[in-house]
Amino acid sequence: MFGYRGNYILAVVCLATGAFFGSIGMFGSIKVNAEINILDALSLCATLLIAFLIPTTVKKILDDNRSVKILLVEETQDLLSLSKAVYAKINNFYTSEKQMTGADKDAVIEAFYTAELKMDSIREQFDVSYPDKTLIHEDITIALLKYKSFVTGGIFMNSKYIEIDHNFFMENKSEFSEFEKHVMTKVHKIHKF
Amino acid sequence: MKIENKIVILTDFTDSPGARYREDGDFSGQEFLEDILLDKFNDAVAGNYILLVDVDSVWGYPSSFISGSFGKLSIEKGAELVLKHLEIKSDNSKTRYQEIISEIKHPRSDVRV
């Protein structure tokens with residue numbers, strides 16, 4: 001609220017408070033008992049230790065949790081990138097009016113296989129860190145297989161289908177967009193764990 | 001029930017499975033079903049044993065292949081019987097395993113594309 005001025009004000013207030021209590025001690029208003037009770041000393045040590053340990057432990061738990069979440073989010077976004085490569089490939093065939101070869105289709109199938117392996121990895125990481133959140137990765141798996149089914153489950157796999165037509169191009173956009181939305185929703189859910 | 005026979009897709013069929021129907025191209029799901037899977041599956045049912053299908057080490061399975069083979073088998077024989085006598089070995093990918101099992105449990109209708 002006060003910006004840098006606030007720091008100066010705080011410093012002056014601290015100084016004034018210190019000087020005030022210091023002056024009280026100096027003029028003998030407060031008597032300090034120099035005898036130390038061992039139980040009081042231990043109690044003070046325990047209090048200081050707890051005061052140090054609790055915030056440190058809580059901070060570590062929060063940091064660890066955040067790191068795991070960031071890792072899972074990155075992995076999920078990698079899955080999206082892998083699938084986006086298929087989407088872009090199909091777009092490219094349509095816009096460039098290029099004919100597809102068998103090797104081009106094999107590359108699409110292989111890309112999906114890589115995405116499936118990524119999905120396996122995400123599932124295993126969930127099992128380790130969030131075993132009670134199976135619905136999240138199950139939903140992502142279903143969404144991935146739905147997009148895969150759209151691309152490789154129909155006309156695209158026919159060896160006589162060598163040019164992406166307008167319908168397939170448009171449907172691919174819509175199917176990928178659905179998949180992307182689904183995955184990004186899950187990414188938000190992971191952040192909210 | 002014990003496993004008494006097996007099909008390894010990589011060595012018994014191809015490393016690059018194709019589309020749904022024979023007329024769609026080589027190594028289709030229909031070709032796999034009719035030339036390899038169906039007879040061995042029928043033998044497994046008759047002999048009351050399990051047929052293991054090893055789907056590992058293949059580039060990838062188009063959904064149309066899975067639908068044209070495992071899905072079609074499920075439509076013809078019933079999901080319960082297929083799951084009783086067929087075991088899928090997919091050590092490479094659990095997602096692949098899930099896709100095949102899901103297709104057997106909920107086979108898509110036999111729509112020609």
Side-chain angles (χ1 to χ4, degrees), chain A residues 75-76 79 82-83 85-86 89-90 100-127 134 137-162 165 167-168 171 175 179, chain B residues 9-10 13-33 54-72 74-75 88-113:
Chain A
E75 289 282 273
T76 310
L79 173 75
L82 288 167
S83 311
V86 172
K89 212 179 270 274
I90 291 170
M100 292 179 291
T101 63
D104 292 325
K105 291 182 183 183
D106 286 347
V108 166
I109 293 158
E110 194 198 340
F112 272 119
Y113 178 44
T114 311
E116 285 168 22
L117 293 177
K118 177 59 76 179
M119 192 63 242
D120 291 337
S121 162
I122 291 170
R123 186 182 304 108
E124 280 173 28
Q125 290 175 59
F126 261 95
D127 289 346
T134 51
H137 64 71
E138 279 171 9
D139 279 357
I140 299 174
T141 305
I142 290 169
L144 172 67
L145 293 179
K146 186 172 174 285
Y147 181 56
K148 182 191 170 191
S149 177
F150 162 72
V151 177
T152 70
I155 195 166
F156 179 84
M157 286 310 300
N158 190 319
S159 59
K160 295 182 194 91
Y161 186 75
I162 52 171
D165 62 84
N167 276 351
F168 193 86
E171 276 184 57
E175 290 286 338
F179 171 63
Chain B
I9 293 193
L10 175 68
F13 192 57
T14 179
D15 66 346
S16 181
R20 189 182 310 266
Y21 301 111
R22 285 182 195 271
E23 59 262 35
D24 294 339
D26 292 337
F27 304 115
S28 66
Q30 184 183 15
E31 185 182 336
F32 174 66
L33 175 66
D54 183 338
V55 296
D56 281 332
S57 307
V58 169
W59 284 110
Y61 288 86
S63 299
S64 53
F65 177 89
I66 293 173
S67 173
S69 54
F70 298 105
K72 186 81 189 300
S74 176
I75 288 169
I88 305 295
K89 178 181 172 286
S90 177
D91 296 340
N92 290 164
S93 168
K94 197 180 170 194
T95 305
R96 175 181 287 174
Y97 174 84
Q98 278 186 353
E99 187 181 8
I100 296 171
I101 295 297
S102 169
E103 183 64 45
I104 293 171
K105 285 182 179 170
H106 313 285
R108 277 165 282 178
S109 56
D110 193 17
V111 178
R112 224 160 246 274
V113 289

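Remember, predicted model here, so these are calculated numbers, not experimental data. Letters A, B, ... mirror the listed sequences (proteins, then strands); counts begin at 1.
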Asker: Mind ranking A:K160, A:M119, A:M157 by heavy-atom pairs under 4.5 Å with chain B and telling me who comes out on top?
Answerer: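 Looking at each option in turn, the highest pair count goes to A:M157.
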
Asker: Using modelled atom types only, decide if a donor and an acceptor are shared between the side chain of A:D120 and the backbone of B:T95 within a distance under 3.5 Å.
Answerer: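 Yes, the answer is positive, given that a donor and an acceptor are paired below the 3.5 Å cut-off.
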
Asker: Where do A:Y113 and B:V58 come nearest, in terms of heavy atoms and distance?
Answerer: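 A:Y113 and B:V58 have their closest heavy atoms at CE2-O, 4.2 Å.
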
Asker: So which of B:K94, B:R96, B:Q98 actually passes side-chain contact (heavy atoms from CB on, under 4.5 Å) with A:E116?
Answerer: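 Only one of B:K94, B:R96, B:Q98 forms a side-chain contact (heavy atoms from CB on, under 4.5 Å) with A:E116, namely B:R96.
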
Asker: Does B:R20 reach the main-chain N or O of A:G153 with its side chain, forming a donor-acceptor pair under 3.5 Å?
Answerer: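 Present.
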
Asker: For a quick test of reading the model, state the closest non-hydrogen atom pair linking A:K148 to B:Y61 and the distance between them.
Answerer: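 Taking A:K148 first and B:Y61 second, the nearest heavy atoms are NZ-O, 2.6 Å.
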
Asker: Of the backbone (N, CA, C, O) and the side chain (C-beta and beyond), which part of B:S16 lies under 4.5 Å from a heavy atom of chain A, both, or neither?
Answerer: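 Just the side chain, heavy atoms under 4.5 Å.
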
Asker: Is B:D26 in contact with chain A via its backbone, its side chain, both, or neither, using a 4.5 Å heavy-atom distance?
Answerer: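 Neither; nothing under 4.5 Å.
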
Asker: Between chain A and each of B:S93, B:G60, B:G25, B:S102, count heavy-atom pairs under 4.5 Å; write down the option with the most.
Answerer: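 Counting heavy-atom pairs under 4.5 Å, the top option is B:S93.
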
Asker: Heavy-atom count check: over 12 atoms from other residues, nucleotides or ligands less than 6.0 Å from B:Y97 OH?
Answerer: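 No - once you tally the heavy atoms of other residues, nucleotides and ligands closer than 6.0 Å, there are 12 at most.
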
Asker: Checking heavy atoms, do the side chain of A:T141, its backbone, both or neither come under 4.5 Å from chain B?
Answerer: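 Just the side chain, heavy atoms under 4.5 Å.
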
Asker: So among B:S64, B:S67, B:S63, which one has a side chain to side chain donor-acceptor pair (under 3.5 Å) with A:T152?
Answerer: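 Among the candidates, only B:S63 passes.
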
Asker: Which bit of A:D106 is near chain B, if near means a heavy-atom gap under 4.5 Å: side chain, backbone, both or neither?
Answerer: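 The answer is the side chain of A:D106.
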
Asker: So do B:R108 and A:S149 actually touch side chain to side chain, heavy atoms under 4.5 Å?
Answerer: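 Yes, at least one pair of side-chain atoms sits under 4.5 Å.
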
